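These figures come from a predicted structure and were not determined experimentally. Heavy atoms only: backbone and side chains are in, while hydrogens, waters and symmetry mates are out.
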Amino acid sequence: MASQVLGLWERLRGVPGGEVLFSWVFAWKAPYFRSVRPRFLQVERDFAALRLPKRRAVLNHIGTVHAIAVCNGLEAAMGALAEATVPAGRRWLPKGMEVSYLAKSTSDLVCSAETDPAGWTSGPDVPVRVKATRDDGTVVVEGVIHLWVTDKKTSADRVASGK
């Protein structure tokens, strides 16, 4: 069964303005991402990409996209990927992010996230590879976001454990 995020993406991507509408709904559901105004380009199992526009609200003192705004874009891409990929009956939480800043973010950026399919069933730690790329193809940030993936607790589980 496809996740709600993946199902919504698949329904909207072929409709004129659908990618913009999906991006708006995603940021409405997770309001913190509104600050970077993500525009999703692709959402599928094990991969997601979005455009992070270079605009005044996300610039630093030297006129480039602020490092934390870039990390917000990477986390939004990871979140869409995780929602599209997490197996039924499981849930995910980010547990850490390691990034390297490689070049100045002088243009709009494409933030992408990618996982290996086997990672979702092999253990509780799922590494998500992330990178942000300038319009000229230069990778400006790359790293890994680590997810903690566990079984969802059902109502019966909570009752049985007294919680």
Legend entry - Fellow cluster residues of L41, listed by chain then number, with links counted only when side-chain atoms sit under 4.5 Å apart: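 V110, listed by chain and number.
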Legend entry - Remaining members of hydrophobic cluster (4.5 Å side-chain criterion), V15: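 Answer for V15: none, a lone residue.
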Legend entry - Pairs satisfying side-chain hydrogen bond (donor to acceptor under 3.5 Å, both in side chains), at least one member in residues 56-67, at least two apart: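 Residue pairs with at least one partner in residues 56-67: N60-T64.
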Is there a side-chain contact between [X] and [Y] (heavy atoms, below 4.5 Å)?
| X | Y | result |
| --- | --- | --- |
| P94 | L147 | yes |
| H146 | E98 | yes |
| F22 | R11 | no |

Atom pair [atom1] ([X]) and [atom2] ([Y]), whose distance is rounded to the nearest 0.5 Å:
| X | Y | atom1 | atom2 | result |
| --- | --- | --- | --- | --- |
| K131 | E142 | NZ | CD | 8.0 Å |
| E75 | M97 | CD | CE | 5.5 Å |
| T85 | M78 | OG1 | CE | 11.5 Å |

Does [X] use its side chain to pair, donor to acceptor, with the backbone of [Y] at less than 3.5 Å?
| X | Y | result |
| --- | --- | --- |
| D108 | K54 | yes |
| W148 | K95 | no |
| R134 | A103 | no |

Legend entry - side chain to side chain contact (heavy atoms under 4.5 Å, CB included) between E19 and W9, intermediate numbers included: CA-CA 8 Å; E19 292 172 359; W9 172 257; 3.6 Å; yes
Can you give me the closest heavy-atom contact between [X] and [Y], atom names plus distance?
| X | Y | answer |
| --- | --- | --- |
| R90 | V149 | NH2-O, 3.2 Å |
| E44 | L6 | CA-CD1, 3.9 Å |
| P38 | F33 | CD-O, 3.2 Å |
| A80 | V43 | O-CG1, 4.2 Å |
| T115 | W120 | OG1-NE1, 3.1 Å |
| L52 | A69 | CD1-O, 3.3 Å |

Going hydrophobic residue to hydrophobic residue with side-chain gaps under 4.5 angstrom, can you get from [X] over to [Y]?
| X | Y | answer |
| --- | --- | --- |
| V99 | I145 | yes |
| V126 | V144 | no |
| F26 | L21 | yes |
| L12 | F47 | no |
| V5 | W28 | yes |

Legend entry - Criterion side chain to side chain contact (heavy atoms under 4.5 Å, CB included) against V140, the qualifying member of T106, L102, L109: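 It is L109; the other options fail the test.
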Inset, instruction - Could you list the residues that satisfy side-chain hydrogen bond (donor to acceptor under 3.5 Å, both in side chains) with W92, not counting sequence neighbours? - result: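 So W92 forms a side-chain hydrogen bond (donor to acceptor under 3.5 Å, both in side chains) with E83.
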Legend entry - side-chain contact (heavy atoms from CB on, under 4.5 Å) against D116, all qualifying residues, sequence neighbours excluded: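 Partners of D116 under the side-chain contact (heavy atoms from CB on, under 4.5 Å) test: R129.
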Legend entry - Contacts of type side-chain contact (heavy atoms from CB on, under 4.5 Å), residue A77, not counting sequence neighbours: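 Scan of A77 (side-chain contact (heavy atoms from CB on, under 4.5 Å), adjacent residues dropped) gives L50, A113.
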Inset, instruction - Give the intermediate values and the outcome of side chain to side chain contact (heavy atoms under 4.5 Å, CB included) for residues R13 and Q42. - result: CA-CA 9 Å; R13 71 179 174 173; Q42 190 172 352; over 6 Å; no
Legend entry - Trace of the side chain to side chain contact (heavy atoms under 4.5 Å, CB included) decision for C71 with Y101: CA-CA 10 Å; C71 287; Y101 304 106; 3.6 Å; yes
Legend entry - Derivation of the side chain to side chain contact (heavy atoms under 4.5 Å, CB included) call for R34 and W24: CA-CA 8 Å; R34 288 185 211 160; W24 185 87; over 6 Å; no
